[in-house]
Amino acid sequence: MTDGTTRVFTWEEGAHIEVRNLGGEIVIEANAAGLRTLAGHLLVLAQDGTPDGAHLHLEENNGLEEGSASLVLERCDDE
């Protein structure tokens with residue numbers, strides 16, 4: 001909840017998301033449900049009224065496949 005408004009991050013059934021760090025690049029691999037889930041998370045962060053710094057942690061035991069690198073999605077309105 002931010003500024004009295006609840007932000008809901010939903011997961012599509014069957015979503016599979018894996019994040020791999022290959023040194024010089026990060027690979028986000030997902031099935032269709034996983035891609036829609038990530039898109040939805042980004043749209044929630046992009047909503048009007050969502051404050052700068054609002055973020056979501058995705059980790060191996062929090063939405064990502066086993067062996068995945070951690071991923072943080074964060075809103076930053078500073079230019």
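Below, each value reflects all heavy atoms present in this structure, side chains not excepted, and no hydrogens, waters or symmetry copies.
With hydrogens and angles disregarded, no donor-acceptor distance shorter than 3.5 Å links the side chain of Arg20 to the backbone of Glu29. Here the side chain of Thr50 pairs no donor or acceptor atom with the backbone of Ala46 at under 3.5 angstrom. Side chain of Arg75 to backbone of Leu45: a donor-acceptor contact under 3.5 angstrom is found.
Here the CG atom belonging to Leu56 is positioned 11.0 Å from the CD atom belonging to Glu74, to the nearest 0.5 angstrom. The CG atom of Leu64 sits 7.5 Å away from the OG atom of Ser70 when rounded to the nearest 0.5 Å.
Residues satisfying the side-chain contact (heavy atoms from CB on, under 4.5 Å) criterion with Glu65, sequence neighbours excluded, are His16, Glu18, Ser68. Partners of Arg36 by salt bridge (Lys or Arg N to Asp or Glu O under 4.0 Å), not counting sequence neighbours, listed by chain and number: Glu12. Applying the side-chain contact (heavy atoms from CB on, under 4.5 Å) criterion to Asp52, with sequence neighbours excluded, gives Cys76, Asp77, Asp78.
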side-chain contact (heavy atoms from CB on, under 4.5 Å) assessment of Val19 paired with Leu58 | CA-CA 9 Å; Val19 178; Leu58 302 174; over 6 Å; no

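When side chains are defined from C-beta on, Val8 does not count as touching Val44, because their heavy atoms never get closer than 4.5 Å.
Note on Phe9 and Leu35: separate hydrophobic clusters, where clusters join Ile, Leu, Val, Met, Phe, Trp and Tyr whose side-chain heavy atoms are under 4.5 Å apart, directly or indirectly.
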